[in-house]
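Below is one structure, written out as structure tokens, with a few remarks after it.
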Amino acid sequence: MAGSTKNRGYAVYLVPGLVASTAVIVVPLVMTVYISFTKWTGIGSPRWVGLDNYTRLFGDANFWASFGHIVLLIVAMAVIPTFLGLVLAAVLFDYVAKRFGDRWASVLRSGYYLPQVLPVAVTGIIWGWILHPGYGALDRILESAGLGSLARNWLGDPKYALFSVMAVMIWFQLGYPIVIFMSGLQRIDPQLYEAADLDGATWWQRFRKITIAMIRPELYVVLVTTTIATLKIFGQIFVLTRGGPSNATLVPSYFAYQNFFEKAQVGYGSAISTVLTVLIIILATVFLRLQNRAERS
């Protein structure tokens, strides 16, 4: 009885967080869902149109194209950084730290993580300069190396724009999994590696059989968070390409922004945002269930 009374006393400290969450997350979400069933320009009163926005949405080629682009960006922001981050974290932890010291491993880890700390607008502008067809550093380097035929309008050509953005996002995202995986590697019992060395296991065998198996929870965390971050990607697209050229880099979040602010089709933009929110919730639920199942097994 005394314990339950004590717990109720702590509950009061949850009130500010619950109020803030309700004001910042729940209320805007409910309003967005409601507006998605209306036709509204942002001025005056919304007019109820039922499922018209969703009917239009699922027949919109740009909407489906934006999700096709997201699939490729998931590869660039979740799959490739997770794999490369796991390998690099293992190299830093198992080779660099032992041969050159923990300080060098920390310096390299910080260098990989630096893009995560820099403002999105700054990194976007810098990469815009690097990839510019007129004065960009990349094309200048190719020309200096006698490879001028490979120079391209990397962000202005529909054939290359999305792949250029993908390359930038791999660079941007790589540091996050490295930091997570290196923290996970620190909790692995060193005796497991020593036993593997005594059995004559190679580095790759130890990596597959011990490292990957032991940091599986971190793997799920990285995949969930990076996939959700990909679905919500906006800033990099806004700064680099604004969804162009010819919608070649259009993503759902920027498509919603276009309809909200550029076309004043707030109801339609809300429908896009609602579908995106539902998709994020579904993916997060699936990932968490897979993680719980893996932990139980």
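Computed from a predicted model, the values in this text were never measured in an experiment.
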Handout entry: Straight-line distance of Trp40 CH2 to Ser270 OG, nearest 0.5 Å
Key = 8.0 Å
Problem - Same apolar cluster (I L V M F W Y, side chains within < 4.5 Å links), Leu114/Val179 - result: no
Fill in the blank from the handout: Heavy atoms of Ser183 and Ile180 approach each other most closely as OG-O, 2.6 Å
Exercise for the section: Would you name the heavy atoms of Asn53 and Tyr268 that are closest together and state the gap between them? Expected result: O-CE1, 3.6 Å
Handout entry: Phe234 atom CZ, over 12 foreign heavy atoms within 6.0 Å
Key = yes
Exercise for the section: Please indicate whether Trp129 has more than 12 foreign heavy atoms, meaning atoms of other residues, nucleotides or ligands, lying under 6.0 Å from its CH2. Expected result: no
Practice task
Return yes if some donor-acceptor pair links the side-chain N/O of Ser253 with the main-chain N/O of Ile233 below 3.5 Å, else return no.
Solution key: yes
Problem - Atom pair CG/CD1 of Asp94 and Ile210 - distance to nearest 0.5 Å - result: 9.5 Å
Fill in the blank from the handout: Output for pair (Ile237 CD1, Thr241 OG1), nearest 0.5 Å, gives 4.5 Å
Practice task
Check whether more than 12 heavy atoms from other residues, nucleotides or ligands sit under 6.0 Å from atom CD of Gln191, and answer yes or no.
Solution key: no
Problem - Close side-chain approach of Ile70 and Pro252, heavy atoms under 4.5 Å - result: yes
Handout entry: From NZ (Lys209) to OG1 (Thr202), nearest 0.5 Å
Key = 11.0 Å
Practice task
For the residue pair Thr211 and Tyr193, confirm or rule out a side-chain donor-acceptor distance under 3.5 Å.
Solution key: yes
Fill in the blank from the handout: Heavy-atom nearest pair, Trp171 first then Pro115, reads CZ2-CG, 3.5 Å
Handout entry: Test item: Phe37 and Leu51 side chains (from C-beta on) under 4.5 Å apart, heavy atoms
Key = yes
Fill in the blank from the handout: Residues Ala201 and Arg206: closest non-hydrogen pair is CB-CG, 3.9 Å
Exercise for the section: Kindly indicate whether the side chain of Val165, heavy atoms from C-beta on, has any atom under 4.5 Å from the side chain of Gln236. Expected result: no
Handout entry: Side-chain touch Ile215/Leu86, heavy atoms, less than 4.5 angstrom
Key = yes
Problem - Neighbour count above 12 (heavy atom, 6.0 Å) for Phe83 CZ - result: no
Problem - Validation row: Leu276, Phe67 side chains within 4.5 angstrom (heavy atoms) - result: yes
Practice task
For residues Met31 and Tyr34, determine if any side-chain heavy atom of one lies less than 4.5 Å from a side-chain heavy atom of the other.
Solution key: no
Problem - Sidechain N-carboxylate O distance under 4.0 Å for Glu218, Arg187 - result: yes
Exercise for the section: Answer yes or no: does atom CG of Leu14 have more than 12 heavy-atom neighbours from other residues, nucleotides or ligands under 6.0 Å? Expected result: yes
Handout entry: Sub-6.0 Å ring centroid separation between Tyr254 and Tyr257
Key = yes
Handout entry: Cation-pi check, Arg56 onto Tyr54 ring (under 6.0 Å, within 45° of axis)
Key = no
Problem - Distance (rounded to the nearest 0.5 Å) between Leu57 CG and Asp52 CG - result: 12.0 Å
Exercise for the section: For residues Leu88 and Phe181, determine if any side-chain heavy atom of one lies less than 4.5 Å from a side-chain heavy atom of the other. Expected result: no
Fill in the blank from the handout: Rounding to 0.5 Å, atoms CE (Met77) and CD1 (Ile228) come to a distance of 11.5 Å
Problem - Check: Leu250 main-chain N/O paired with His69 side-chain donor or acceptor under 3.5 Å - result: yes
Practice task
State, to 0.1 Å, how close Arg109 and Met182 come at their nearest heavy-atom pair, and which atoms those are.
Solution key: CD-SD, 3.6 Å
Fill in the blank from the handout: Nearest heavy-atom approach of Asn62 to Asn247 is OD1-ND2, 3.3 Å
Practice task
Answer yes or no: is there a donor N or O on one side and an acceptor on the other, between the side chain of Thr38 and the main chain of Ile35, under 3.5 Å?
Solution key: yes
Would you be so kind as to tabulate the donor-acceptor pairs closer than 3.5 Å made by side chains of residues 132-147, with sequence neighbours excluded?
unit_1	atom_1	unit_2	atom_2	d
His132	ND1	Gly134	N	2.9
His132	ND1	Tyr135	N	3.4
Asp139	OD1	Arg152	N	3.4
Asp139	OD1	Trp154	NE1	2.8
Ser144	OG	Arg140	O	2.9

